Amino acid sequence: MRVPFIKMHGLGNDFVMLDARAEPLPPISHSVAAALADRQTGIGCDQVILLQPSDIADFAMRIFNADGGEVEACGNASRAVALLHGTKAEVETSGGIITIEPVGHGARIDMGVPKFEWDSIPLAYAMDTLDMPVAWEWLVQPASVNVGNPHVVFFVEDCDTVPLDRLGPLIETDPLFPAGINVNVATVESTESIRLRVWERGAGLTRACGTGACATAIAAMRRGLVGRETRITLPGGMLTIEWNDAGRIIMTGPASESFRGSFDWGDYA
Ligand SMILES: N[C@@H](CCC[C@H](N)C(=O)O)C(=O)O
């Protein structure tokens with residue numbers, strides 16, 4: 001069986017998109033997703049995105065990390081899906097319903113309401129999630145935010161000097177985070193600008209992470225470091241994040257299609 005795919009990216013965070021909204025596909029196991037994502041032997045991407053029909057929204061988006069694990073949210077893929085869909089829509093994810101809206105060469109996404117309670121991050125035990133009394137070497141006192149998926153955010157003097165390839169996997173798999181964690185290191189440049197690098201759970205270092213940008217902006221806003229709207233600059237480019245009066249996170253930024261192709265399902269199943 002030949003299956004069409006669309007290769008897309010948001011700020012260099014890249015996706016293999018499978019559209020099963022009209023024609024169903026065989027179930028995607030974690031090993032199929034990991035094989036598709038493999039950059040040596042598969043198509044290669046940070047996340048595999050599967051679009052499906054939904055009973056509660058216009059359609060559903062399922063997200064698989066490069067290691068095959070299924071997760072709740074992906075900000076950059078949400079903008080790519082908006083571009084593909086072409087009109088405003090409500091999208092079911094396992095992290096909640098988001099609203100996507102194409103604008104210009106990208107999209108505006110209502111990512112929903114952030115959560116801060118220790119057990120909704122989730123953490124292994126109770127603590128203040130805005131000023132956590134924990135440290136990994138010189139990464140100290142982070143904040144945690146769940147924006148559909150779990151994030152920990154460290155504010156540092158210069159995020160470019162943090163050895164994220166070494167500390168990222170240590171923190172991602174620390175027992176403090178029973179569901180794993182996306183690791184953000186951020187430098188506040190001004191009250192409306194933050195520089196950010198992200199070690200993604202299940203995918204490693206990526207060019208950009210949309211939910212990481214949301215979580216970092218919200219943590220910085222809660223700490224009074226930036227105003228209610230801020231720019232976040234990642235290695236792959238820039239996003240704007242607003243925390244609006246209704247308490248919802250609004251992410252705006254670009255996305256693009258790279259190419260279309262097809263693969264033989266039997267090669268991956
Ligand atoms: N690249 C994404 C986040 C993808 C999921 C994440 N790695 C997780 O495990 O939660 C984004 O743009 O948000």
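Whatever order the structure lists ligands and atoms in, that order sets their numbers, starting from 1. Sequence positions, counted from 1, serve as the residue numbers for this chain. Since we're looking at a predicted model, the values are computed, not measured.
- Taking any N or O of E72, backbone or side chain, none lies under 3.5 Å from an N or O belonging to ligand 1.
- The aromatic rings of F154 and W136 sit perpendicular, their planes meeting at an angle over 60°, well past the 30° parallel limit.
- The N76 neighbourhood of ligand 1 comprises atoms 11 (C), 12 (O), with distances under 4.0 Å to a heavy atom of that residue.
- Counting heavy atoms only, T211 comes closest to atom 13 (O) of ligand 1 of the residues T211, I63, L234, N182.
- What you find for A203 and Q47 is that their closest heavy atoms are CB-NE2, 3.8 Å.
- Protein heavy atom in closest approach to atom 2 (C) of ligand 1: C74 SG, 3.1 Å.
- Heavy-atom contacts of N13 reach the following atoms of ligand 1: 1 (N), 2 (C), 11 (C), 12 (O) (cutoff under 4.0 Å).
- A tilted orientation is assigned to the rings of F263 and F5, their planes being inclined by 30° to 60°.
- Using a 4.0 Å cut-off to heavy atoms of A73, the atoms of ligand 1 that qualify are 3 (C), 4 (C), 5 (C).
- For T216 and H151, the side-chain atoms include no donor-acceptor pair closer than 3.5 Å.
- Using a cut-off of 4.0 Å between Lys/Arg side-chain N and Asp/Glu carboxylate O, E257 and K7 are scored as not salt-bridged.
- For the pair A203 and ligand 1, no heavy-atom separation below 4.0 Å is found.
- Comment: R201 engages E72 in a salt bridge, judged by a side-chain N to carboxylate O separation of less than 4.0 angstrom.
- Contact record, P235 with L196: CD-O, 3.4 Å, taken as the closest heavy-atom pair.
- The shortest heavy-atom distance from D46 to ligand 1 is not under 4.0 Å.
- Interface atoms of ligand 1 facing N149, defined by a heavy-atom separation under 4.0 Å, are 5 (C), 6 (C), 8 (C), 10 (O).
- If you number the atoms of ligand 1 from 1 as listed, the ones under 4.0 Å from a heavy atom of G210 come out as 11 (C), 12 (O), 13 (O).
- On a distance-only criterion, A208 and ligand 1 share no N/O pair closer than 3.5 Å.
- Looking only at heavy atoms of the protein, atom 3 (C) of ligand 1 is closest to E200 OE1, 3.5 Å.
- One side chain, N149 or T211, offers a donor N or O that lies under 3.5 Å from an acceptor on the other.
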